[in-house]
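The structure is given below, and queries will be raised subsequently.
Heavy-atom basis, side chains included; hydrogens, waters and symmetry copies ignored. As the structure is a prediction and not an experimental result, all values here were calculated from the model. Throughout, numbering of the chain's residues begins at 1 and tracks the sequence.
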Amino acid sequence: MSTLRGAVAVFLLAGAPVALAAQQEPLGSDWEAPGVAVAVVKDDQVVFARGYGVREVGRPEPVDSETLFAVASTSKAFTAAAVGMLVDEGRVGWDDRVTDHLPGFQLYDPYVTRELTVRDILSHRSGLPRGDRLWYLSPLDRDEILRRVRRLEPNWSFRSHYGYQNIMFIAAGQLVEAVTDTSWDDFLRHRIFDPLGMRTSTTKFDQLKQRSNVATPHGKIDGKV
């Protein structure tokens, strides 16, 4: 596991064991997280949902079943599901070229620009390195991030190597917007969050400022959370 750990949301199969320590202490010798939320889903029903620990080290506010956690790259599953919905509706094909839907999209290699498909960008096989400084904590909007990715030189040849790539999922989200004329954020809310009753879930950091029940990120510094 990474040495950096935040407060985490844990989804468990029924009957799976979990070690939970005192509220103010990191939970579990491996997790070292101030708080966790546990949900058990059986036959499409939530049969158990409860929080343990605290939202922030040194503060008393507890984690409960409604506490918001950042899910990080789990959001890729939501993006892939959104694209899959459009495939089911016949509006997108897995093997459509990305430029069919995003005409201005361009990568460093003109051949890859021409041949890159929807399936490729969801499969981490573009040949690109991560390039995370282009988007992480960046003031750039999504369109500008995609415009600048053309300067990111590949690490491997196209489709030859699995290379974890976040920016290609930004491209997938912008493809959803291009096809539906609805932002990725609104599409997820209308097609996934609202139907599932996920009333407080959000894709936007600025909306967290309006919420009080939010877990704080944590990291290990000098061996201490």
Side-chain angles (χ1 to χ4, degrees), residues 1-42 46-80 124 128-142 145 152 155 162-170 173 184-185 188 192-193 196 198-225:
M1 294 179 65
S2 168
T3 55
L4 289 177
R5 298 174 174 86
V8 295
V10 182
F11 299 90
L12 303 172
L13 295 175
V18 60
L20 298 170
Q23 271 203 338
Q24 288 286 359
E25 296 300 323
L27 295 172
S29 59
D30 291 327
W31 288 97
E32 296 185 277
V36 300
V38 179
V40 178
V41 181
K42 183 178 186 298
V46 177
V47 297
F48 180 86
R50 182 176 171 184
Y52 297 87
V54 293
R55 300 176 214 157
E56 182 177 350
V57 166
R59 295 183 60 89
E61 292 85 359
V63 172
D64 60 29
S65 62
E66 299 294 327
T67 301
L68 285 176
F69 289 81
V71 298
S73 285
T74 303
S75 62
K76 288 182 172 64
F78 288 86
T79 301
H124 301 283
L128 295 176
R130 293 184 63 137
D132 287 339
R133 289 187 180 181
L134 188 57
W135 67 270
Y136 186 68
L137 299 179
S138 167
L140 305 177
D141 64 22
R142 294 165 186 166
I145 290 169
L152 184 62
N155 269 6
Y162 174 91
Y164 194 83
Q165 231 296 326
N166 288 299
I167 299 172
M168 293 300 96
F169 273 79
I170 295 176
W184 172 81
D185 311 86
L188 292 192
I192 298 178
F193 294 169
L196 292 176
M198 299 168 67
R199 296 175 302 278
T200 60
S201 296
T202 181
T203 58
K204 298 180 178 180
F205 282 113
D206 57 2
Q207 292 186 1
L208 295 180
K209 298 174 183 178
Q210 306 165 22
R211 317 285 172 86
S212 59
N213 192 357
V214 179
T216 299
H218 292 74
K220 285 186 72 175
I221 300 175
D222 297 328
K224 184 178 180 181
V225 175

Which is it for K76 and N166 under the side chain to side chain contact (heavy atoms under 4.5 Å, CB included) test, yes or no, and what are the steps along the way?
CA-CA 9 Å; K76 288 182 172 64; N166 288 299; 2.4 Å; yes

If I compare all heavy atoms of K220 with all of V225, which pair ends up nearest, and what's the gap?
CG-CG2, 4.0 Å

For H124 and Y164, work out which heavy atoms get closest and say how close.
ND1-CA, 3.6 Å

salt_bridge(D132, R130) N-O dist < 4.0 Å:
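Looking at D132 and R130, the cut-off is met.
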
Side chain to side chain contact (heavy atoms under 4.5 Å, CB included), that's the test. Do L152 and Q165 meet it? Break it down for me.
CA-CA 12 Å; L152 184 62; Q165 231 296 326; 3.9 Å; yes

Can you tell me if Y136 has over 12 outside heavy atoms packed within less than 6.0 Å of its OH?
no

Heavy-atom nearest pair, A215 first then T67, reads N-CG2, 3.7 Å

Mind checking salt bridge (charged side-chain N to carboxylate O under 4.0 Å, His left out) for R211 and listing every partner two or more places apart, or none if nothing turns up?
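In terms of salt bridge (charged side-chain N to carboxylate O under 4.0 Å, His left out), with neighbours along the sequence ignored, R211 is linked to no residue.
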
Which of V63, V214, V36 passes side-chain contact (heavy atoms from CB on, under 4.5 Å) with F69? It is V63

Between H218 and R55, what is the shortest heavy-atom contact and its length?
CE1-O, 3.4 Å

Only counting residues at least two apart or in another chain, list the ones meeting salt bridge (charged side-chain N to carboxylate O under 4.0 Å, His left out) with R50.
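In terms of salt bridge (charged side-chain N to carboxylate O under 4.0 Å, His left out), with neighbours along the sequence ignored, R50 is linked to no residue.
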
Do you know the tightest heavy-atom contact between I170 and W135?
CD1-CB, 4.0 Å

OG1 of T200 to CD of Q210: how many Å apart, nearest 0.5 Å?
12.5 Å

Side chain to side chain, T203 and S75, heavy atoms closer than 4.5 Å:
no

Taking CZ in F78 as the centre, count heavy atoms belonging to other residues, nucleotides or ligands within less than 6.0 Å. Is the count above 12?
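Atom CZ in F78 is not packed in, count stays at 12 or less.
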
Look at atom CG of L196 and say whether more than 12 heavy atoms of other residues, nucleotides or ligands are closer to it than 6.0 Å.
yes

Would the distance check show the side chain of E56 and the main-chain N or O of R59 forming a donor-acceptor pair, the cut-off being under 3.5 Å?
no

Which pair of heavy atoms, one from L134 and one from I145, lies closest together, and at what distance?
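Smallest interatomic distance, heavy atoms only, reads CD2-O, 3.6 Å.
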
Between L128 and I167, is there a side-chain heavy-atom distance shorter than 4.5 Å?
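No. Closest side-chain heavy atoms not under 4.5 Å.
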
